[in-house]
Asks: 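One structure, as structure tokens, below. Some questions next.
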Amino acid sequence: MSAEQPGSPAPPGPPETPGPAAGGPPARRTATLNHTIVSAIVEGSPAVVTFLAILAAVVLGGLLIAFSDPTVLHAWSTFFSDPVNALTLAWDAASGAYVAMFEGAIVNPHTVAAAFHGGSVGAIFYPLSQTASNATPLILTGLSVAIAFRAGLFNIGAAGQWVGGAIVATYLGFAINLPPVVHLIVCLLGGFAGGAVIGWLVGELKARTGAHEVIVTIMLNYIMYNLLSFLLSTPTALQQPGQSNLISPNLAADARLPHAGGPPPQVDLGFLVGIAAAVGLWWLLSRSTVGFQFRAVGANPSAARSAGMDVERSWVRVMLLAGGLAGLGGAAVILGPLQQLTFNSYGTYGFDGITVALLGRASPLGVVLAALLFGALHAGGTNMEAATQVPSDIVEVLQGLIVLFVAAPPLIRAIFRLRRARAAGLEAVPKGWNP
Amino acid sequence: MTALAAATGTPISINRRMVAAGTFILFGLIDIFVFGLFAHPGDATFTLSVSSSAVHVPSIHVPAATVAYTLGAASIVIGLFAAFVDLSKGVRRLNITLVLLFFVVSLLCWAYAGSAIPLNVVNLLQSTMNLSIPLVLGALAGCMCERSGVINIAIEGQLLLGAFAAAVVASAFGILWLGLITGSLAGGVLGALLAVFSIQFLADQIILGVVLNVLAAGLTGYLNDRILVSHPDLNSGLTFSAVKIPGLGDIPIIGPIFFDSTVFLYIMYLMIILVQVGLFSTRWGLRVRAVGEHPTAADTVGIRVLATRYRNVILGGLIAGIGGAYLTVGSVGTFTKDMSSGLGYIALAAMIFGRWTPLGATAAALLFGFANSLQATLSTINVPIPSYILLTAPYVATIIAVAGLVGRVRAPAADGKPYVKV
């Protein structure tokens, strides 16, 4: 994206600073620091653009919540007779929904108050654990999409790879007997392998025939959905004996991810797996030769080839890894909260992974933060629907709006009147169908 | 490297020829050893008339196994022929069509051999046409956008938003045509959003398409739960009724398939003609394609690149919106959450399969429609092939197609690249 942005690349450092920072009096140095912060805000650094994008999405989402509320609409139909009432009702509808969302995702003041009167202290952390639990698969599918982005590939197939991982993890989870800890590790590795095979196929096809990964991954998603339904309808494969529904047997007890306290679904070990994957990916991308090759291929395949790198092999490797991460996401969900595979377990994890990777600007840390944000939205959305009857689909709208604004920094700059066009997009994203 | 091969214009590589020949022979072997050997004894019966038609066409009884053996042998002959003789493009395409046709006929013979229920071919093809309508319109929308250089992944969202708007407006006002028009406009609005963000704000078009799909799914799902569930009168399920074209609709076999359906089928015919002729036989189309292939050159000769792109992306959205309206007011009537269920992505695949040409995209969309219709038909009789496996056929075919078995597919050169005047 950045390569196509108009305007000159940003000069290194604040150009308007009159004096050199070094050697100046302390007051002057503080002023320079302030100036840097102010200019970052005014010019719209990536972080600022992201924040403003979230702000804009929340405002638009609030308007949508308010103006789809029957009582608000009724009040607005008589706006001129009682404008204050109409505005108050609209504000109450939107803020009520957002407060319920906050209470479901971060902390509910009632549980804090109850803790002082002898209630459970653990209950205070219940919303946060829900957020982390919801974020777990998003971290993994987000990392899957992100690493492909870094190598210049667009992985729309995290959904299908998720299914591949979930199938293998489920099968290993109920069909084999292993000692407790080993069983869990085998299931997780199996999930990684199940997704990696699907990803590898995409990379191999692209490397050998030039087949565009977007099309291949979209098609593989549908193939995997149907394969899942087929396996779940076949008693010799994944279907639970004596069931006519598309549902797998329950997992063996030692194949389940241990979770922290309380009744499920609480946050489980899968969250730590996600964090570990993010750390591993950060190391791979910024500290290893392979990661450097990925980034070089993503930034400019021709240059990478001229420098002697095997571009095709990088594609295959990166898709294998991306598929494996999404498959691990599938394993984490099945072995964690679900404990059983059904024909629609895949939900929207794969496509949410794309929005997470975009919001996180394809960096491991960014992905974790974005996944936590969307995990919080999901956890809060469930609570909001229960408390205020506002459908939790609003979360999907918010996600879409946030990424829409993040993908178009010039728009955010125009809305908030930021000063200068400065590339704030992704480091490398694939362009068009033709290689 | 493949790009180089395409540029130097080698007729067809020996490897690819062998892969094609091998595939043909494999299909022939499946015809013989799966469908022929495992067919139940007895004839397969194919009915060729619908109950309502005036003229009665006699049913066809064929010995199932024999037909499968014969067609399998024919496919193998075609495969050998393709392996040793360098064929022209037209003959190669004919071969692919024949082998596929033989495969389908053998499959049907096998499935219906000795079956008490005959296969109604006319009903099968009728539902093929109907199931293809959103796919064809979506694929045409894709052609309109991508020929001008804007990638449209948002077809899915345009279908969904069109379906929602059409159902709500048709129910609210009780006027079906108003629903159709609003559905089309809703697709156009999403098209306009795609245009503004990709042309004005230079957002990445593939990302944008995915995001717009998420947004459309979220918005329609939210409004469905929030408003339609508590107001069933806004989702009352009105549908267009079928209109038989006088004269043409009475022709046996062909009439019921092509000329006895809702207005959407006729709109689809019109759109296919308009987009094909418009893009390839008019000055307007030449300019659109110039913008999609080489915007700088087009700009140099005075074509307004950005205006052309805006217009085409919005027009494409309007076409996809009609396809969306079909999903509600054209077929089932009521809107349900996520009812487009991936049709937009299939339409996208059909467009690529059809090499960015309206006629090719239409053919591919019909193929996908046929596979869906066949799956629905076969699921009513007891066939040992799991329908889920059959359902994957179009997707596998698309992967094979983009992997280059049926020739390299190439997008318009400037597809997906924003144009910034230097």
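Any value given below was found using the heavy atoms of this structure, including those in side chains, with hydrogens, waters and symmetry copies removed. The sequence lines fix the lettering, A, B, ..., with proteins before strands; numbering per chain opens at 1.
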Asks: Return the CD1 to CD1 distance between Ile218(A) and Ile346(B), rounded to the nearest 0.5 Å.
Replies: 9.5 Å
Asks: How long is the span from the OG atom in Ser341(B) to the OH atom in Tyr225(A), to the nearest 0.5 Å?
Replies: 11.0 Å
Asks: Just verifying a value: how many Å separate Thr220(B) OG1 and Glu396(A) CD, rounded to the nearest 0.5 Å?
Replies: 8.0 Å
Asks: With chain A as the partner, which of Ala349(B), Gly221(B), Ser198(B), Ala216(B) has the greatest number of non-hydrogen pairs under 4.5 Å?
Replies: Gly221(B)
Asks: Would you say the side chain of Val214(B) lies within less than 4.5 Å of the side chain of Val397(A), judging by non-hydrogen atoms?
Replies: no
Asks: For Ser392(A), is it the side chain, the backbone, both, or neither that has a heavy atom closer than 4.5 Å to a heavy atom of chain B?
Replies: neither
Asks: Measure the spacing between CZ of Phe201(B) and CD1 of Ile412(A) and express it to the nearest 0.5 Å.
Replies: 9.5 Å
Asks: Taking Leu64(A), Val403(A), Ile354(A) one by one, which has the highest count of heavy-atom pairs under 4.5 Å against chain B?
Replies: Leu64(A)
Asks: For Val395(A), which atoms come within 4.5 Å of any heavy atom of chain B: side chain, backbone, both, or neither?
Replies: neither
Asks: Under the criterion side chain to side chain contact (heavy atoms under 4.5 Å, CB included), I'd like the reasoning laid out for Tyr222(B) against Ile65(A): C-alpha separation, chi angles, the key distance, then a yes or no.
Replies: CA-CA 9 Å; Tyr222(B) 173 78; Ile65(A) 293 172; 4.0 Å; yes
Asks: Quick check for you: to the nearest 0.5 Å, what is the distance between Asn221(A) atom CG and Tyr345(B) atom OH?
Replies: 9.0 Å
Asks: More than 12 foreign heavy atoms under 6.0 Å from CZ of Phe343(A): is that the case here?
Replies: no
Asks: With a 4.5 angstrom heavy-atom cut-off, could you sort out which part of Val196(B) is near chain A: side chain, backbone, both or neither?
Replies: neither
Asks: Look at Asp393(A) together with Arg226(B) and state whether they make a salt bridge at an N to O cut-off of under 4.0 Å.
Replies: no
Asks: Determine, step by step, whether Asp225(B) and Val390(A) satisfy the side chain to side chain contact (heavy atoms under 4.5 Å, CB included) criterion, reporting the C-alpha distance in whole Å, the side-chain angles of both residues, the deciding distance to 0.1 Å, and the verdict.
Replies: CA-CA 8 Å; Asp225(B) 284 1; Val390(A) 174; over 6 Å; no
Asks: Could you pull out the closest heavy-atom pair between Ala203(B) and Ala408(A), with the gap in Å?
Replies: CB-CB, 4.2 Å
Asks: Between Leu223(B) and Ser68(A), what is the shortest heavy-atom contact and its length?
Replies: CD2-CB, 4.4 Å
Asks: Counting only non-hydrogen atoms closer than 4.5 Å, does Leu219(B) touch chain A with its backbone (N, CA, C, O), its side chain (CB onward), both, or neither?
Replies: both
Asks: Could you check Ile207(B) against Phe154(A) for side chain to side chain contact (heavy atoms under 4.5 Å, CB included), going step by step and ending with a plain yes or no?
Replies: CA-CA 9 Å; Ile207(B) 290 170; Phe154(A) 194 8; 4.3 Å; yes
Asks: For Phe230(A), is it the side chain, the backbone, both, or neither that has a heavy atom closer than 4.5 Å to a heavy atom of chain B?
Replies: both
Asks: For Leu404(A) versus Leu212(B), what's the shortest heavy-atom pair and its separation?
Replies: CD1-CD2, 4.2 Å
Asks: So, taking the atom named CD1 in Ile223(A) and the one named OG1 in Thr392(B), what distance separates them when rounded to the nearest 0.5 Å?
Replies: 6.0 Å
Asks: Under a 4.5 Å cut-off applied to non-hydrogen side-chain atoms, are Ile215(A) and Phe353(B) in contact?
Replies: no
Asks: Run the numbers on Phe351(A) and Val210(B) for side chain to side chain contact (heavy atoms under 4.5 Å, CB included), then give the verdict.
Replies: CA-CA 8 Å; Phe351(A) 282 86; Val210(B) 173; 4.2 Å; yes
Asks: Need one label for Leu205(A): side chain, backbone, both or neither, based on atoms under 4.5 Å from any heavy atom in chain B.
Replies: side chain
